[in-house]
Each structure stands twice: as structure tokens, then as C-alpha cells.
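What follows is a set of notes on a single structure, which appears directly below.
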Amino acid sequence: MASTTPATGSPGRVSPSDPAYRAFLLLRVVFTAAPILFGLDKFTGLLTHWPRYLAPWIDGIIPGTAGQAMYAVGVIEIVAGITVALLPRFGGWIVAAWLAGIIVNLLTGPGFYDVALRDLGLMAGAVALALLASRYAPAGRGGSSY
């Protein structure tokens with residue numbers, strides 16, 4: 001079934017049954033909620049002790065403690081999630097870049113290679129969100145597709 005949204009990304013009617021549009025909505029919800037929730041957890045530590053994920057070389061070049069660095073990470077993640085909610089075309093690329101940084105951190109730290117591989121998959125999902133947003137939430141349309 002063909003979508004009623006032109007491939008150029010120009011605004012038009014979007015069919016809720018369009019699988020690509022549904023994928024866009026799913027990715028938008030996940031990449032809004034996950035960064036915000038993980039960002040908030042940097043302050044509560046309910047899921048894990050986040051400072052242990054910081055590569056020692058990064059901890060050595062940033063001011064403050066690893067715990068304080070995780071607070072800054074939490075703020076950045078919350079802002080990234082909000083950006084995805086409001087401007088998914090831009091926010092998807094922000095989350096993808098942030099995940100690339102996390103991957104570098106994990107690959108150069110002590111043995112979190114499995115988490116780095118998982119984050120590579122998440123990064124691919126964030127890129128897919130940004131690409132789909134160019135069609136379903138183009139600039140100048142207010143960014144909201146809900």
C-alpha cells in the first residue's frame with residue numbers, strides 16, 4: 001500500500017496504517033522516553049552505579065568526579081530526549097552522535113564491549129528515526145506528528 005506522503009518529505013496526509021510512519025512514531029516515542037529516563041536515573045542510580053561506566057582516561061581529563069560527570073551526562077540525555085520529542089529530525093541526529101560518544105567511551109574503558117555493541121544498534125535506530133523524520137516531521141511543519 002502506497003503512502004499518501006510524498007517521498008520528497010513535503011507535508012501531506014499521512015496514513016496511520018503506513019508501516020514506515022508507525023516505525024517513525026515508535027522510534028520517536030522510544031528515543032524520547034529512553035534518554036529522559038536514563039538521564040533521570042543518573043541522579044537516582046536506581047538502575048546501576050553509572051560512574052563505573054566512565055572510561056578512566058575520560059575521568060582523568062574532565063573536572064570533578066565520575067559521579068559529577070554522570071550528572072552532566074544525565075542533563076544532556078534529558079535535553080536530547082526532549083529534543084527528539086519536539087524536533088525529531090534534529091533530535092535523532094543528536095541522540096545518534098551522543099550514542100557514538102558513549103560507544104567510544106565503552107570501547108576504551110574496562111570491558112563493556114557488550115554494552116557498546118548494544119549501543120551500536122541503538123545508534124542505528126536513532127539514525128533511522130532522523131531519516132524517517134525527514135519524511136514524517138519535516139522542518140517547518142512544527143515537528144509534531146502525534
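Numbering starts at 1 and runs along the sequence shown. Side-chain atoms are counted along with the backbone in the values below, which use heavy atoms only and exclude waters and symmetry mates.
Nearest heavy atoms, G64 versus D59: O-OD1, 4.2 Å. What you find for V95 and P35 is that their closest heavy atoms are CG2-CG, 4.5 Å. Of all non-hydrogen atoms in A137 and P88, the two that sit nearest each other are CB-CG, 3.7 Å. Nearest heavy-atom pair, A130 versus R89, reported as atom, atom and distance to 0.1 Å: CB-O, 4.0 Å.
Neither V30 nor V79 shares a network with the other; the hydrophobic side chains, linked directly or stepwise wherever heavy atoms of I, L, V, M, F, W or Y lie under 4.5 Å apart, form separate groups for each. L26 and Y21 sit in two unconnected hydrophobic clusters of ILVMFWY residues. Membership requires side-chain heavy atoms under 4.5 Å apart, directly or through other members. No single ILVMFWY cluster, assembled from side-chain heavy atoms under 4.5 Å apart, contains both V104 and I58. One hydrophobic cluster, built from ILVMFWY side chains closer than 4.5 Å, cannot hold both V127 and L120; they sit in different ones. L46 and I78 fall into different hydrophobic clusters, where Ile, Leu, Val, Met, Phe, Trp and Tyr are joined by side-chain heavy atoms under 4.5 Å apart, directly or via other members.
Looking at heavy atoms from C-beta onward, T83 lies out of side-chain contact with W93 at the 4.5 angstrom threshold. A heavy-atom distance below 4.5 Å is not found between the side chains of E77 and I36. W57 has its side chain within reach of T108: a pair of non-hydrogen atoms, C-beta onward, lies under 4.5 Å apart. Residues L25 and Y136 have side chains not in contact (no heavy-atom distance under 4.5 Å, counting atoms from C-beta outward). In this structure, V29 and F24 have side chains that are not in contact, with every pair of non-hydrogen atoms separated by 4.5 Å or more.
Interatomic distance, Y113 OH to L107 CG, rounded to the nearest 0.5 Å: 7.5 Å. Between the CZ atom of R28 and the CG atom of L86 there is a distance of 8.0 Å, given to the nearest 0.5 Å. We find the CG-CG distance between L27 and L131 to be 10.5 Å, quoted to the nearest 0.5 Å. To the nearest 0.5 Å, atoms CZ (R118) and CG (L106) are separated by 8.0 Å. Here CD1 of I62 is found 5.0 Å from CG of L54. Values are rounded to the nearest 0.5 Å. Rounded to the nearest 0.5 angstrom, L129 CG and L122 CG are separated by 12.0 Å.
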Between W98 and V73, does the side-chain contact (heavy atoms from CB on, under 4.5 Å) criterion hold? Intermediate values first, please. CA-CA 10 Å; W98 184 248; V73 166; 3.7 Å; yes

One pair to check against side-chain contact (heavy atoms from CB on, under 4.5 Å): F38 and L47. What are the steps and the verdict? CA-CA 9 Å; F38 280 113; L47 296 174; 3.7 Å; yes

Q.
For T44 and W50: C-alpha separation, side-chain torsions, deciding distance, then whether side-chain contact (heavy atoms from CB on, under 4.5 Å) applies.
A. CA-CA 10 Å; T44 64; W50 292 105; over 6 Å; no

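For the pair N105 (side chain) and A55 (backbone), a donor-acceptor distance under 3.5 Å is present. Distance alone, capped at 3.5 Å, places no donor-acceptor pair between the D119 side chain and the L99 backbone.
Note on ring orientation: taking the six-membered ring where Trp is involved, the planes of Y53 and F112 are tilted (angle from 30° to 60°).
Looking at S15 and D18, their side chains never bring a donor and an acceptor atom within 3.5 Å of each other.
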